[in-house]
Amino acid sequence: MLRASIDYQGKQGDLRVVTEGSKGADSGVTHSDELVAFAEAALGSDEAVLASSRDALREVAGSEALVDAAGVVGNFQRMVRIADGAGISLDAPVALLSADFREELGLAEFSTASRISEPGALGQAFGGIARAAVATGLRIFGRRARAKR
Amino acid sequence: MTAFSSWSGPDAIRPDLVAQYQRVWAHIASPGTWLTGAERVGVAEETRRARGCDLCSRRKAALSPFSIDGHHDHASVLPEALVDAIHRITTDAARLTERWYQGLLEAGLSAEAYVEGLGVAVQVISIDEFHHALGLPVEPLPEAGPGEPSRRRPSGATQIEDAWVPVIPADKLDPEDEGLYGNMPGGRAAGVVRALSLVPEEVRSWQALSGAQYLSMEAMARMETERALDRAQIELVAGRVSALNECFY
């Protein structure tokens with residue numbers, strides 16, 4: 001969804017920020033550094049780092065944005081455990097559309113990766129075409145939405 | 001005093017978040033589908049006790065969490081198998097295995113009780129993590145209410161290849177569970193939405209909570225948000241949290 005939302009905004013972003021973190025690539029997302037640092041600190045155990053990351057995010061994006069970000073942190077601390085606790089596989093359409101960037105990001109190294117049924121060569125080729133079509137569609141929709149504002 | 005009514009700190013908490021947290025606390029305290037109110041509050045207690053559990057700590061540090069034997073630090077009414085499930089889900093979920101899950105069933109824990117315990121645990125964790133992220137003290141747990149579990153098992157729940165636990169396929173929902181998976185095209189539902197469907201009440205509860213903490217299922221289909229964060233910012237935080245948890249989803 002990150003890639004889709006970046007496409008929709010008509011931006012270019014390097015998704016390696018997801019796996020490499022605040023020292024990683026430029027995601028193209030507004031306040032990316034502060035958001036990533038806050039997410040990392042919230043999952044860490046250093047309360048001083050967490051407090052300073054809160055201050056930094058509040059400073060650039062505001063208190064409401066900080067509360068929104070804390071909600072998202074809480075939400076995904078839940079969702080990952082639902083997925084892991086129920087042992088669900090990655091949905092086939094998602095696996096098809098995400099094969100290229102899962103490889104790029106090295107998600108196969110995750111301990112949970114055994115639950116992914118990787119598409120074959122034909123599926124990967126189809127996934128690449130479908131992914132490009134989806135990205136184009138999102139960029140067009142995003143451009144139209146911005147023009148209406 | 002009403003739960004979640006004494007916030008302190010520089011950041012105002014959105015009313016819809018407060019309302020959902022209060023609802024979840026009441027939901028946890030009530031008898032569920034397979035667990036009593038006392039057992040559900042016991043599950044909530046174990047999610048917090050797991051953070052300081054010596055066995056969990058040693059397992060987390062080990063190359064394989066299954067190489068370390070011992071007993072969890074716990075003081076609840078729950079059976080040992082459910083305590084183990086809740087502690088591992090809380091502290092080391094990415095290294096759970098289907099073999100471990102099958103071992104819980106062999107130890108006498110029902111799939112239904114496991115799924116309900118998982119549902120309760122993850123909702124408490126998500127609310128506690130919100131507090132931690134904002135530097136707020138966690139809310140005291142609710143007192144368990146009286147009553148018996150309903151013991152309603154969805155008639156269409158079945159074992160499928162894509163999950164360890166039984167789930168309801170989208171075309172096998174009972175009439176009372178209609179809409180459980182939202183209005184996805186073709187009646188499809190993502191695996192993570194179906195994951196806890198053996199206990200539909202927990203699906204409904206986490207979805208409502210998700211609508212406040214993240215986005216409702218309807219809002220997920222839109223790229224614009226009505227939040228202070230735009231969609232890409234929300235997904236960036238979601239992606240980083242998921243990656244740190246080694247979640248491919």
Mind ranking [options] by heavy-atom pairs under 4.5 Å with chain A and telling me who comes out on top?
options: Ala238(B), Ala212(B), Gly135(B), Ala195(B); result: Ala238(B)
options: Ala111(B), Ala163(B), Gly119(B); result: Ala163(B)
options: Glu235(B), Gln213(B), Glu161(B); result: Gln213(B)
options: Asp128(B), Val237(B), Val165(B); result: Val237(B)
options: Ile234(B), Leu236(B), Leu209(B); result: Leu236(B)
options: Arg14(B), Arg95(B), Gln123(B); result: Arg14(B)

Closest non-hydrogen atom pair between [X] and [Y], with its separation:
X: Arg231(B); Y: Ser5(A); result: CG-CB, 3.7 Å
X: Gly191(B); Y: Ile88(A); result: C-CD1, 3.5 Å
X: Val18(A); Y: Gly239(B); result: CG1-O, 3.3 Å
X: Leu2(A); Y: Ala232(B); result: CD1-O, 3.5 Å
X: Ala133(B); Y: Phe38(A); result: O-CE1, 3.4 Å

Should we say atom [atom1] of [X] is surrounded by more than 12 heavy atoms from elsewhere, each under 6.0 Å from it?
X: Glu226(B); atom1: CD; result: no
X: Glu59(A); atom1: CD; result: no
X: Glu64(A); atom1: CD; result: no

Under 4.5 Å between any side-chain heavy atoms of [X] and [Y], yes or no?
X: Val241(B); Y: Val72(A); value: no
X: Phe130(B); Y: Val67(A); value: yes
X: His132(B); Y: Glu47(A); value: yes

Exercise. To the nearest 0.5 Å, what is the distance between CG (Asp11(B)) and CZ (Arg54(A))?
Worked result: 8.0 Å
Seminar exercise, completed: Taken to the nearest 0.5 Å, the spacing of Thr97(B) OG1 from Asp84(A) CG works out to 11.5 Å
So which part of [X] gets closer than 4.5 Å to some heavy atom of chain A, the side chain, the backbone, both or neither?
X: Trp206(B); value: both
X: Leu229(B); value: both
X: Tyr101(B); value: neither
X: Ile89(B); value: both
X: Ala12(B); value: backbone
X: Leu134(B); value: both
X: Glu98(B); value: neither

Exercise. Would Val17(A) and Arg240(B) count as a side chain to side chain contact (heavy atoms under 4.5 Å, CB included) if you check the C-alpha gap in whole Å, the side-chain angles of each, and the deciding distance to 0.1 Å?
Worked result: CA-CA 8 Å; Val17(A) 70; Arg240(B) 187 63 185 136; over 6 Å; no
Exercise. Could you walk me through whether Gln233(B) and Asp68(A) pass the side-chain hydrogen bond (donor to acceptor under 3.5 Å, both in side chains) check?
Worked result: CA-CA 10 Å; Gln233(B) 291 174 309; Asp68(A) 283 2; over 6 Å; no
Problem set entry | side chain to side chain contact (heavy atoms under 4.5 Å, CB included) between Leu215(B) and Asn75(A), worked out | CA-CA 9 Å; Leu215(B) 297 165; Asn75(A) 192 79; over 6 Å; no
Problem set entry | Verdict with supporting geometry, Ser126(B) and Arg78(A), side-chain hydrogen bond (donor to acceptor under 3.5 Å, both in side chains) | CA-CA 5 Å; Ser126(B) 69; Arg78(A) 178 180 66 255; 3.0 Å; yes
Check whether [X] gets within reach of chain B through its side chain, its backbone, both or neither, counting any heavy atom under 4.5 Å.
X: Ala69(A); result: both
X: Ile82(A); result: both
X: Ser53(A); result: neither
X: Leu66(A); result: both
X: Arg81(A); result: both
X: Ala65(A); result: both

